[in-house]
4 protein chains.
Amino acid sequence: MAPFDPERERAILDATMELLSEVGYDRMSIDQIAKRAKASKATIYRRWQGKPELVVDVICRRFDMDGPEGADTGSLRGDLAAVFRGLCETVERKHTLIIGLSSTLLSHQELARTLRAHLHARDFDAVREPVERAVKRRELAGPVDARRLFTIAEALVWHRMIFAGPPFGPEFVAESVDGVLMPLVTAWSTA
Amino acid sequence: MAPFDPERERAILDATMELLSEVGYDRMSIDQIAKRAKASKATIYRRWQGKPELVVDVICRRFDMDGPEGADTGSLRGDLAAVFRGLCETVERKHTLIIGLSSTLLSHQELARTLRAHLHARDFDAVREPVERAVKRRELAGPVDARRLFTIAEALVWHRMIFAGPPFGPEFVAESVDGVLMPLVTAWSTA
Amino acid sequence: MAPFDPERERAILDATMELLSEVGYDRMSIDQIAKRAKASKATIYRRWQGKPELVVDVICRRFDMDGPEGADTGSLRGDLAAVFRGLCETVERKHTLIIGLSSTLLSHQELARTLRAHLHARDFDAVREPVERAVKRRELAGPVDARRLFTIAEALVWHRMIFAGPPFGPEFVAESVDGVLMPLVTAWSTA
Amino acid sequence: MAPFDPERERAILDATMELLSEVGYDRMSIDQIAKRAKASKATIYRRWQGKPELVVDVICRRFDMDGPEGADTGSLRGDLAAVFRGLCETVERKHTLIIGLSSTLLSHQELARTLRAHLHARDFDAVREPVERAVKRRELAGPVDARRLFTIAEALVWHRMIFAGPPFGPEFVAESVDGVLMPLVTAWSTA
DNA sequence: GCCTAATCGAGACGGTACGTCGAGTCTTATT
DNA sequence: AATAAGACTCGACGTACCGTCTCGATTAGGC
């Protein structure tokens, strides 16, 4: 058992996951995690600095975006709407965790960096292909920076998250795609 | 001394302010505040429900937006840039507090509403006038929903705040105004 | 409630007493005491430095010798035997606590002093009167230092305690009184 | 390496000895011993039940009385004083260990027996010869139970140990021998 | 000018969670 | 087969805040 036992790690991460969704970040205690994982607190603290680090690890390992799968709907608008809906789901799924962590992240910059790296990353690809297809289809006049477009989408979702909270209805998706993303991408492609 | 002593209120709010900037929201304790304000914890809890409420009060009273004062620069682009810069400053100034609070807000919806009310409120006006002036000047082809525009601006700033953190350089302002706000407002006005 | 609440103190001391006799010093935890006294650990640590100090306090307040009351039996031998039996009882009653504490006392000299002060103190008187009566009755040729005599008795009991443990049978009392105390006091009085 | 390696045993006992004198029984941990002896905890627990057993073993092997060597001084008083001084030294040397162990011994009767066996054992002989010589010299009127005498001496030293602590000055030796042992042995021999 | 009542400081209280430590067990790789 | 290394469970430790509470002392305005 000389190296860290991966089985214990699993058990602890699993217990953490469960408790996160049952009681939330704030009301979840290390003792609870230990008890549920049939682990000792020492084992937890041997691997992670504290609760925030543990939860960030959970997020990174378990909550990673599954790629919103830019399904090809035939039109740019349809593709963007699909991606946007995926983004809403993802943010909605993680937001409790991330917001629960946020105050801690202020004083743990390194932790914040780690978490950020896992926040966009993969999703970005999901928007590049629809745009490229649209260019090929002549739906767009010229090439467009997909990264920038994705950033705007992300900003819209998080803003909604912060100032209104879930759920994200279809009217929010429609308004965002038709009122912001499409006008923008069109404007950019003709610039 | 029959009514609540307003002097104590001041002392408590001041102490809270100081501690917030010295140690941050999380590591600030009610005991610290009481000691620094030479007040008793009872006095604090008599006026506020708890730490979050107290801090929200501090934010509302002390941190309120000074109105980014959409100075008339003669062009829509200049006006929007001015507003956007003001928004950056405001968010930068408050973000620590707001993020510190955020996890609490998840379980205190009423508190969240109070805070939100103080988050945009006044700023919104600052963007309506530039837009109206631009319409008058024929810089814009038609009327535009200033609220929507302001929301986008806010979303961009908060997104930057969350995923990169301060400071917000001039290139961020330029990119946002030229790459997003101007194209959007133009597109909307011709729709 | 400004000063320390004496009722809580009682409850804590009582709980400590009970647990000491139920599980012994070593296996008694502060958490147990707190739970049984319906007190919080903080309250305990506010008054006492730690477990040893608490237990010493218990000993001092609750276990104090009730004065073995040298009942006047008419003869010096009878009186000494009575005192000696009382001493046996007292030591037997306290020995578990004291031995439980002893290792701690090594590194807490001040605590050790406090405890020692409560170990003989009162008992000493119990042996002075029998001796004085014996002198009056001409049973003893001259005056005798009662303190010294008591010390010998105490030494005998503790030695028995350490090297054999309880119980102390009547043959131990007889042997001690007839074989040691009486010969000694006789020798001293004729010196 | 099939059988238990005696070299490891030595290393462990040595490390235990060192630590006992450096930090005392209570603050010495098995991990420390293991680290210092470059041994593994498993190796320690394979040989000894636990810390108390290990320390008792150390005491038995390393701290055994070297026989206070009842040097023949020509007089019973001189011989007894010599033995008594030796006893003081021995007890002083071991007392930290024994007191450190004492609380554990309460719940480990077998261990207590083992330790007791090593506490008097040899010393007893040291007092028999002086007494026999004194009888031969006609210094004593009749035979005396040396064991009983030794017990009294031991009781005096331990009592002093417990209620005052070291060091044992010459006045303690003088008072004990002249005030207690000599009167007693005289009284016994004429009985 | 006094009295009654509200408010104050101080800080003890029951709780809950923290992060650390030591004991004793068990696993793996080495010798 | 016994070892060194060290991870493991368990449970106690002592600390820090939380939000509630009970004290006297202090200060108001109504008499």
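Quick note on labels: first sequence line is chain A, next is B, and so on, each numbered from 1.
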K.L.:
Side chain of B/Tyr45, heavy atoms from C-beta onward: which of F/dG14, F/dT20, F/dA2 has the nearest atom to it?
P.N.:
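Of F/dG14, F/dT20, F/dA2, F/dT20 is nearest to the side chain of B/Tyr45.
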K.L.:
In whole angstrom, what separates B/Ile44's CD1 from E/dG11's P?
P.N.:
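In whole Å, E/dG11 P lies 15 Å from B/Ile44 CD1.
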K.L.:
Whole Å only: how far is the CE atom of D/Met28 from the C1' atom of E/dA23?
P.N.:
13 Å
K.L.:
Would one find a side-chain N or O of D/Arg47 under 4.0 angstrom from OP1 or OP2 of F/dA2?
P.N.:
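False: D/Arg47 side-chain N/O out of range (4.0 Å or more) of F/dA2 OP1/OP2.
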K.L.:
Which is true for C/Arg27 with a 4.0 Å heavy-atom rule: it touches a base, it touches only sugar-phosphate, or it touches nothing?
P.N.:
nothing
K.L.:
When the distance from CD of B/Glu53 to P of F/dC18 is rounded to whole Å, what number comes out?
P.N.:
13 Å
K.L.:
Which sits closer to the 5' end of DNA chain E, A/Ile30 or C/Pro6, going by the nucleotide each is nearest to?
P.N.:
C/Pro6
K.L.:
Of the residues in residues 31-42 of chain C, which ones touch DNA chain F at a heavy-atom distance under 4.0 Å?
P.N.:
C/Asp31, C/Lys41
K.L.:
Can you tell me how far C1' of E/dG22 sits from CG of C/Asp26, to the nearest Å?
P.N.:
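These atoms are roughly 14 Å apart.
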K.L.:
What is the distance, rounded to the nearest whole Å, between atom CH2 of C/Trp48 and atom C1' of E/dA12?
P.N.:
13 Å
K.L.:
I need the CG-P distance between C/Leu54 and F/dC13, as an integer number of Å.
P.N.:
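Spelled out: CG on C/Leu54 to P on F/dC13 is 11 Å.
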K.L.:
Decide if atom CD of A/Gln49 counts as having more than 12 heavy atoms of other residues, nucleotides or ligands within a radius under 6.0 Å.
P.N.:
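Incorrect, the count does not exceed 12.
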K.L.:
Just checking C/Glu22: does its CD atom have more than 12 heavy atoms from other residues, nucleotides or ligands closer to it than 6.0 angstrom?
P.N.:
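Yes, because the 6.0 Å sphere around CD of C/Glu22 holds more than 12 heavy atoms from other groups.
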K.L.:
How long is the span from the CD atom in B/Glu18 to the CG atom in B/Leu20, to the nearest 0.5 Å?
P.N.:
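Spacing of CD (B/Glu18) from CG (B/Leu20) equals 10.5 Å.
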K.L.:
Are any side-chain N or O atoms of A/Arg36 and backbone N or O atoms of A/Asp31, one a donor and one an acceptor, separated by less than 3.5 Å?
P.N.:
no
K.L.:
Measuring only between side-chain heavy atoms, which start at C-beta, is A/Ile33 closer than 4.5 Å to A/Leu54?
P.N.:
yes
K.L.:
Can you list every side-chain hydrogen bond (donor to acceptor under 3.5 Å, both in side chains) pair that touches residues 37-48 of chain B, not counting sequence neighbours?
P.N.:
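Listed by first then second residue: B/Glu9-B/Arg47, B/Trp48-B/Asp57.
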K.L.:
Within the 4.0 Å heavy-atom criterion, would you say A/Thr43 contacts the bases, only the backbone, or no part of the nucleic acid?
P.N.:
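Base contact - A/Thr43 has a heavy atom under 4.0 Å of at least one base atom.
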K.L.:
Identify whether any heavy atom of C/Arg8 sits under 4.0 Å from a base atom; if not, whether one sits that close to sugar-phosphate; answer base, sugar-phosphate or nothing.
P.N.:
sugar-phosphate
K.L.:
Rounded off to whole Å, could you give me the CD-to-C1' distance for the B/Glu7 and E/dT7 pair?
P.N.:
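Rounded to whole Å, this separation is 13 Å.
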K.L.:
How long is the line joining CZ of D/Arg46 and P of E/dG24, in whole Å?
P.N.:
16 Å
K.L.:
Just verifying a value: how many Å separate D/Tyr25 OH and D/Ser103 OG, rounded to the nearest 0.5 Å?
P.N.:
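So the OH of D/Tyr25 and the OG of D/Ser103 are separated by 7.0 Å.
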